[in-house]
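Below is one structure, written out as structure tokens; the observations come after it.
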Amino acid sequence: MSEMRKAYDPDVVEGPIFESWMNGRYFEQPVVEGVEPFAVVIPPPNVTGSLHMGHALNNTIQDVVVRRMRMTGRPTRWVLGTDHAGIATQNKVEQKLAREGRTRHDVGREEFIERCWEWRREHGSTIVGQLKAMGCSCDYSDEWFTMDPSYQGAVRKVFVDWYEAGLIYRGKRIINWCPRCSTALSDIEVEHEDLDGRLWHLRYPLKEHAGGIEHIVVATTRPETMLGDTCIAVHPDDERYRDVVGATVVLPLLGREIPVVADEHVDPTFGSGAVKVTPAHDPNDFEIGERHGCPKINILNADATISAKGGPYAGLDRYEARVRVVADLEAADLLVKTDDHLHSVGHCYRCHTVIEPWLSDQWFVDMKPLAEPAIAAARDGRVVFHPKRWENVYYHWMENIRDWCISRQLWWGHRIPVFYCDACGTQRASMDDLTVCPDCTDPVRQDEDVLDTWFSSQLWPFATLGWPKRTPELEYFYPTGVLSTARDILFLWVARMIMSGMSCVDGEIPFRDVIIHPTVFNAEGKRMSKSLGTGIDPLDLMTHYGADGMRFGLMLQTTGNQDIRFAEEKLASSRNFANKIWNASRFVLLNLGEDYEPGEPHAATVADAWILSRLASLAATVDEGLLSYRFGDVARALHDFLWNEFCDWYIELAKPRLSTGIAEDADATARAARTTVQRNLVFVLDTALRLLHPMMPFVTEEIWRRLPLSGMARADSLMIAAWPDRAAIARFADPDAERSIEVLREIVTAIRGIRARYTVAPRTRVDVIVKAVGTDASLIEDLFGQIAALAGVGDLRIDAAATKPAHAAAAVAGGVEVFVQLEGLVDFDVERERVSKQLGEARADLEKIERKLCNEGFLAKAVPEIVEKDRAKAAELRETVTALRAQLAELA
RNA sequence: GGGCGAUUAACUCAGCGGGAGAGUGCCUCCCUUACAAGGAGGAAGUCGGGGGUUCAAAUCCCUCAUCGCCCACCA
């Protein structure tokens, strides 16, 4: 094993460590009969994607959960794979073709799909390599892709099953059409954005006056859609329009005659109370049209130009047509007015083009029957959301669920397995590719469309375990344990996995715990976006801070909050933390030497008892914290223990025994003391490294392999070493020792404070008198040597009746007085100012607490422990005030 | 229109019913044989405003303000 460098260098360490994990095949997990397993499926990144901050966070979370579980001995598999990402991949390949001056239609469907596979072969492993760089412990030997042949079989099976069960149907509906992607989208793939628009008020003349009315005013935000109007609707109870219901309106510009109908949907208080109805381009208007038997005129082509139905406007782009229609209406004096109007406009979630509601034939899934059991699964606690509040978001969506448009007019994806026979007019879904009609033997044609990518990714937790085959993996690892993801795909993916999982796998949920992690925003609080240049590349972060530094920095920021405003300084401090641990470990290892005999930890001194007690507390905090997914709390606890307790105090407290025990003239007692402290250092470090490993896998592994462990404690890798048993470590809990070290820390800090105030050189010893009585005195007496060592004290004396020597600076710490002899150094003005300030503060505190103790309500109603605690506090403050008064008097 | 989250030190955030904390930054001193990516000491906050509940409120309730997110058939 190589020499430990002075500074931890992730570049040198991470590669070989990861390779050793791969070689050890620790990531792989076969079926082990009779032992309860634990599985996690990775949210499959898009095959087009590269690692972004959301991935970095989410995969750190999963790796932490998975690594902890693996160390507990549960057979653990983290299933890996990528998503074929229909629209995203198709866009990439189309862009590539465009650079060759061609479109997908030039190359044809077959070659285009081959191009997509080629693209996947070239770029598809990018993100997997990046996961490895992060140290993610996925099973890389079992990588899935949502277009794998077996996965295609699973998708097809679900489609056919649901089709035959009547859950999938085809219909002519208003769907969301993206003119740029040239495909339908589901409702939740549309992102609504409030935009400043306009509300145009148009005057539609009646063919013949009715009830004294010559024309009806209607309002619209999309004037060009008037080309497709097929009726005017008013509310049935609206007195103003009572006489025109049933009358005929002459549609401006086109001259089409359309009726006025009465419909409950119209809000009589909005605008004029009359609505133009365009059944082919608005979902509400579609409903009205259905109810009144009005024609549905589609005035838009797939690319959002005006269709032949648009008369003189045919061929114009939708926005150009808008301008022309408005201008023509104004010229005809049919434009009443134009208001500014803030309204919500739908955009494609892939390319942000404004979508058009468009009437077309599409495939849908009837969701209500699927949603019911999935709602019940959350209600009865089989599926639990973390944080819990997301459960309500889930219920709200699931209980108002609408049918899912699953057909996409793309080429890259799972082709809809429905075959049409034009000869006998039948259609059927089939597991096998059909060429001829089973009924009439005429040739059949397959549906041209592919399925929504989410239709295939919803099968991820069971299709990656071999479903529809009843594989041993499926029987063993399903349901999985944890699903961690971002909140923006709660509906798109998580809810649908629960529904499809329960539908396909015997009603069994796909996972028990759902972690909805925070969204990572940049330092300005804006969404990280590659295209906007507001993103941060996790790979850059890893080169600066190491994989461990990035991971731990993210964990520190993963609190209950729903957003993270990314703070890079947390990564810097995490890198420093790795270095701190590295050096502390180097210190421990350098102090083991030839003479080290491994053995059990032992609380031989107060310091030993204290650090073992703190370790017991840490083990409990980390274990409970990870089980309840409170990553921020766990990271903080590890950081505070290792840095502020182990490094700052225990190692310092250990130094005298280490050096004394190895001196030439060391006796048997001194040598034994050295051995004890060595064993304690190794034990505490070993345990802490195990607890830290899930969050900082590389540095912990590198150090741990160097520790001289034996027997049960040893393993080939920390990855597969035993997770600390917090119940077993709990035996070290020692509140008395914790209090003692607290007093020691206060006294040492007080002496150091005085030294700093008078800039006493580090090597200079100072003489100190401690004024203490009773238990304090004997406690301090026990810690004499250690206080002296830590505070640079020469002569340390304890005296119950001491008064402050003339040339001393004084401090009050933890109820005892400390006098530091500083011949000729003390500045009495400085001391006076300081002591009187402290006295003021102490008196204010005392006054406050005494008022409280005089309050009868407090004495009667507060819990006894609190009253007792405050009484003790008051007593201590009284002593402090007395001491400070005396000091001030002496300074006068 | 409905729902959710946030508002604590200059910055990023913990704390969520009993004496205001961390990291970063800032000030002073120190290359003391684990660590200068460090050590020691220090300054810094009427816990968004206003009500209320309670012996006790940063913490619970109401309300207002500001910022952010989600859902909704806002012509």
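It should be emphasised that the depicted structure is a prediction, and the values quoted were computed from it without experimental measurement.
As judged by a 4.0 angstrom heavy-atom cut-off over every strand, A:His192 is placed among residues making no nucleic acid contact. At the heavy-atom level, A:Thr749 lies under 4.0 Å from the strands shown only through sugar-phosphate atoms. Counting non-hydrogen atoms under 4.0 angstrom, A:Trp643 reaches the backbone sugars and phosphates but no base. Using a 4.0 Å heavy-atom distance criterion, A:Arg402 is classed as a sugar-phosphate-only contact. Among the protein residues, A:Glu652 comes within range of the nucleic acid bases, having at least one heavy atom under 4.0 Å from a base atom. If you check every strand for non-hydrogen atoms under 4.0 Å, A:Lys526 touches nothing. Residue-level contact check: A:Asp282 touches neither bases nor backbone, having no heavy atom under 4.0 Å from any strand. A:Val218 comes within 4.0 angstrom of no nucleic acid atom, judged by non-hydrogen atoms across all strands. If you check every strand for non-hydrogen atoms under 4.0 Å, A:Asn855 touches sugar and phosphate atoms only. A:Arg222 comes within contact range of no nucleotide atom at all, as no heavy-atom separation falls under 4.0 Å. In this structure, A:Tyr8 reaches the bases: a heavy-atom distance under 4.0 Å links it to at least one base atom across the strands shown. Heavy atoms of A:Ser573 sit under 4.0 angstrom from primed sugar atoms or phosphate atoms, though from no base atom.
In this structure, A:Asp238 places its CG atom 14 Å from C1' of B:A75, rounding to the nearest Å.
Between the SG atom in A:Cys294 and the CZ atom in A:Phe286 there is a gap of 12.0 Å [rounded to 0.5 Å].
At the phosphate of B:C35, OP1 or OP2 sits under 4.0 Å from a side-chain N or O atom of A:Lys6. OP1 and OP2 of B:C4 both lie 4.0 Å or more from every side-chain N or O belonging to A:Asn392. For the pair A:Thr221 and B:C74, the criterion of a side-chain N or O lying under 4.0 Å from OP1 or OP2 is not met. For B:A22, the OP1/OP2 oxygens have no side-chain nitrogen or oxygen of A:Lys570 closer than 4.0 Å. Listed pair A:Arg575 / B:A37 fails the phosphate criterion, with no side-chain N or O lying under 4.0 Å from OP1 or OP2.
A:Phe552 does not carry A:Lys570 over the face of its six-membered ring by the limits of under 6.0 Å from the centre and within 45° of the normal.
In the region residues 547-555 of chain A, proximity to RNA chain B at under 4.0 angstrom, judged on heavy atoms, holds for none of the residues.
Taking a pair as Watson-Crick or G-U wobble with both distances under 3.5 Å, RNA chain B forms stems of 3 or more consecutive pairs at B:1-7 with B:65-71, B:10-13 with B:21-24, B:26-30 with B:38-42, B:48-52 with B:60-64.
Taking 3.5 Å as the limit, the base of B:C35 and the side chain of A:Lys580 contain a donor-acceptor pair of atoms between them.
The pair A:Asp870-A:Lys848 fails the salt-bridge criterion, with no side-chain N (NZ, NE, NH1 or NH2) lying under 4.0 Å from an Asp/Glu carboxylate O.
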